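What follows is a short report on a single structure.
Order of the sequence lines sets the chain letters (A, B, ...), proteins ahead of strands, with each chain counted from 1. If you're wondering where the values come from, they're calculated on a predicted model, not measured in any experiment.
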Amino acid sequence: MLDQKLIRENPTSVEESLSLRGKVFNISQIQELTLQKKEIDIEISTLQSESKKLSKLIGQEISKSKNYDSPEVNNLKKKGNEYRTKISEFEERKRTLDQNIHNEICNLPNLPSKDAPIGKNESHNVQVKTWGDPFVTENLKSHWEIGESLNLFDSVKSTKISKSRFITLTGDGARLERALINFMLDMHTKNGYLELMPPALVNSESLRGSGQLPKFSNESFKCSDDDLWLSPTAEVPLTAFHRNELIDPKLLPIKYVAYSPCFRREAGSYGRDTKGLIRLHQFNKVELYWFCEPSKSLEAHKKITSDAESILKKLNLPYRLVDICTGDLGFSSSRTFDLEVWLPSSKCYREISSCSNCLDFQARRSSIRSKIDKKNTYLHTLNGSGLAIGRTMAAILENGQQTDGSVKIPDALVPYFGSNFFKNCLI
RNA sequence: GGAGAGGUGGCUGAGUGGUCGAAAGCGAACGACUCGAAAUCGUUUAAUAGGUAACUAUUCGUGGGUUCGAAUCCCACCCUCUCCGCCA
């Protein structure tokens, strides 16, 4: 959520900044509403002030004369009644204004950082660096072909259980998934993160707090009988963990790592990535999340990104770092670095982690503050996948494939997986 | 699911119609004492919105209502706790 004061005082610069996202936002309309509200606010508070004084006077009058019904008192009460009707009229108008303003502002995305590259869509994202050797050989198998031949997962049977875009991991596939989760959690907790295992179902307020609602309700699964949704990312419960809190500044920065299943409807992606582990309605993810004071968030953004990178390096997976352009930024983010892993079968890099600095956007929506320099200040929040498990498995299968059809398990993972090769199991 | 209790500041907790934005304690900040610290003593310390400021308004779970006036009375909802039932 953007600061109302900022919108009121700098509508043009807000409008210009938001337009870098490639859409037109009508800020002046919101500004007009907030100005109207301000006028009414002043009107109401003067009336309330007078009515309050009157009430006190009545109280004094009554205690002096010990008479609740004297003509003087009744006269004053009549006057008080007039105030009340007047005030409630104004309040009615204020309420509708407030609602409109709130709706409008909640639908505005975060302002893109001045450092983010300007562009319209993902083709304008900027590659910052690459790591490792993105090898290209002919006759490479896709990860779903490898998975099928080694019996690591079964998507056909999964449609019986649920529907398409769900997967059942089997045998060594399930074991590898588990190994990856444990490996990542261990790496990050050794690196100073506190592990959390949050609920997978979250309420509407939590989704609003991190920016998924009201705009993106069609991207999450909703429970029909309750005000609960299947969490699309651990970012949601982690933000909500501290909602409406004043955090002791001594605890900052707070660094959480959380494993969670993630559920996404993937509406509008029909026909894309229909095979394999890349795009599923349910997937596992290890998420990194920071709360820090505003002056430290740029530095924190670099750190959270390099913490996510360290996993790719340990697993020896070639990747590149991409600076997301203004037109491709997520709703809550002001700046995002994506980590994209090399998938040799499709000869391209695919997103495996997205590390975002949301500044105070989510903290304002969720009211998460700290007393910094004697002032209550909204904290900055940062999130980054560290990493998406299914896509990591896809990358391991494709990058580790050998000419004899076997797959080399990265050395760092062997202690977690318990072996350096897959046993081909029969189902 | 049934019965009961309760939601008050950073935290604990008093307050049942009239200077109550709210006692007290804890915590925190500053000062004194000290070589320094602990202990002790003193002072200060809720948030939000508007305003350069003085100040004004709002906020005692949320939303309505009664009243000149509500933390306090009425209604609805949400949440938490205890007991019982069910259950991994």
Side-chain angles (χ1 to χ4, degrees), chain A residues 1-10 30-102 104-106 197 199-209 223 225-229 237 240-252 254 261 291 293 360 363-379:
Chain A
M1 189 155 61
L2 300 178
D3 190 0
Q4 281 200 31
K5 200 169 179 177
L6 184 74
I7 290 172
R8 203 168 55 226
E9 289 170 3
N10 300 297
I30 301 176
Q31 187 213 19
E32 177 56 32
L33 291 176
T34 54
L35 284 172
Q36 276 178 36
K37 192 193 118 190
K38 200 174 150 188
E39 269 178 44
I40 290 181
D41 263 339
I42 292 168
E43 199 84 41
I44 288 177
S45 84
T46 352
L47 282 171
Q48 275 169 335
S49 165
E50 283 170 38
S51 139
K52 237 173 128 173
K53 275 181 213 147
L54 184 70
S55 293
K56 263 177 200 166
L57 190 71
I58 293 174
Q60 283 165 9
E61 202 55 47
I62 288 171
S63 61
K64 224 195 298 170
S65 63
K66 300 260 188 300
N67 185 351
Y68 288 82
D69 244 355
S70 70
E72 291 84 15
V73 169
N74 279 332
N75 225 344
L76 291 174
K77 280 188 184 177
K78 215 170 129 193
K79 214 169 151 197
N81 236 328
E82 282 166 24
Y83 277 126
R84 195 170 56 176
T85 43
K86 245 192 231 170
I87 289 170
S88 64
E89 270 169 39
F90 278 112
E91 269 177 345
E92 182 68 43
R93 279 167 60 193
K94 189 189 154 174
R95 211 171 302 154
T96 38
L97 267 177
D98 255 340
Q99 236 162 37
N100 289 338
I101 292 168
H102 193 76
E104 296 288 334
I105 290 187
C106 278
M197 201 175 280
L201 267 62
V202 298
N203 60 35
S204 300
E205 199 50 47
S206 299
L207 282 167
R208 237 182 311 254
C223 303
D225 286 343
D226 303 277
D227 177 31
L228 288 170
W229 306 66
F241 193 58
H242 288 294
R243 187 167 71 238
N244 295 330
E245 283 187 14
L246 190 56
I247 293 174
D248 185 344
K250 274 185 269 180
L251 301 174
L252 300 175
I254 294 175
F291 296 90
E293 47 181 286
D360 64 1
R364 190 183 300 279
R365 283 177 164 242
S366 301
S367 184
I368 301 167
R369 300 164 302 163
S370 251
K371 196 160 270 204
I372 292 163
D373 296 329
K374 295 183 180 171
K375 269 186 75 179
N376 282 346
T377 314
Y378 289 112
L379 293 177

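Following rounding to the nearest Å, A:Gln48 (CD) and B:rG50 (C1') show an atom-to-atom distance of 13 Å. Look at CD1 on A:Ile87: it is 14 Å from P on B:rG65, rounded to the nearest Å. B:rA28 atom C1' lies 16 Å from atom CD1 of A:Ile372, rounded to whole Å. Here the P atom of nucleotide B:rG50 and the CD atom of A:Gln4 are 8 Å apart, to the nearest Å. In this entry the distance linking CZ of A:Phe90 with P of B:rA57 reads 17 Å, nearest Å. The separation between A:Asp3 atom CG and B:rU48 atom P is 12 Å, rounded to whole Å.
Annotation: side chain of A:Thr34 is not in contact with side chain of A:Lys38 (no heavy-atom distance under 4.5 Å).
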Tabulated below should be each protein N or O lying under 3.5 Å from an N or O of nucleotides 67-70 of chain B; please produce it.
from	atom 1	to	atom 2	distance (Å)
B:rC68	OP2	A:Arg84	NH2	3.3
B:rC68	O4'	A:Lys77	O	3.4
B:rC68	O2'	A:Ser55	OG	3.2
B:rG69	OP2	A:Arg84	NH1	3.1
B:rG69	O4'	A:Ser55	OG	3.1

Check: protein-nucleotides 51-54 of chain B nitrogen or oxygen pairs below 3.5 Å:
from	atom 1	to	atom 2	distance (Å)
B:rG51	OP1	A:Lys38	NZ	2.8

Donor-acceptor pairs under 3.5 Å, side chain of residues 84-93 of chain A to any protein atom, not counting sequence neighbours: which ones?
from	atom 1	to	atom 2	distance (Å)
A:Arg84	NH2	A:Asn81	OD1	3.1
A:Thr85	OG1	A:Asn81	O	3.3
A:Thr85	OG1	A:Glu82	O	2.8
A:Ser88	OG	A:Arg84	O	3.3
A:Ser88	OG	A:Thr85	O	3.0

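Although no hydrogens or angles enter the test, the distance criterion places a donor-acceptor pair under 3.5 Å between the side chain of A:Arg365 and the main chain of A:Arg208. Listed for the A:Thr46 side chain is a donor-acceptor partner under 3.5 Å among the backbone atoms of A:Glu43. Using a distance-only test at 3.5 Å, with no hydrogens or angles considered, no donor-acceptor pair links the side chain of A:Arg369 to the main chain of A:Lys375. With hydrogens and angles disregarded, no donor-acceptor distance shorter than 3.5 Å links the side chain of A:Ser206 to the backbone of A:Pro237.
The salt bridge (charged side-chain N to carboxylate O under 4.0 Å, His left out) check on A:Asp3 picks up A:Arg364, with sequence neighbours excluded. For A:Glu104, the salt bridge (charged side-chain N to carboxylate O under 4.0 Å, His left out) test picks out no residue, with sequence neighbours left out.
Across the C1' atoms, B:rA76 and B:rA28 are found 40 Å apart, a figure rounded to whole Å. To the nearest whole angstrom, the two C1' atoms, one in B:rG21 and one in B:rU58, are 11 Å apart. Across the P atoms, B:rC33 and B:rC26 are found 23 Å apart, a figure rounded to whole Å. Taking atom C1' in both B:rU67 and B:rU82, the straight-line distance is 37 Å, to the nearest Å. Separating the P atom of B:rA23 from that of B:rU43 is a span of 16 Å, rounded to the nearest Å. Annotation: B:rG61 and B:rU56 have their C1' atoms spaced 27 Å apart (nearest Å). A distance of about 14 Å separates the C1' atoms of B:rG64 and B:rC78, rounded to the whole Å. Atom C1' of B:rA54 sits at a distance of 42 Å from the matching atom of B:rG6, rounded to the whole Å.
OP1 or OP2 of B:rA46 has not a single side-chain nitrogen or oxygen of A:Lys371 nearer than 4.0 Å. Listed pair A:Arg364 / B:rU48 fails the phosphate criterion, with no side-chain N or O lying under 4.0 Å from OP1 or OP2.
Note on A:Asp248: nothing from the nucleic acid sits closer than 4.0 angstrom, heavy atoms only.
The side chain to side chain contact (heavy atoms under 4.5 Å, CB included) test with A:Ile368 singles out one residue from A:Leu379, A:Asp360, A:Asn244, A:Leu246, and that residue is A:Leu379.
Taken together, the paired segments of RNA chain B that extend over three or more consecutive Watson-Crick or G-U pairs, each closer than 3.5 Å at both contacts, are B:1-7 with B:78-84, B:10-12 with B:24-26, B:27-32 with B:40-45, B:46-50 with B:55-59, B:61-65 with B:73-77.
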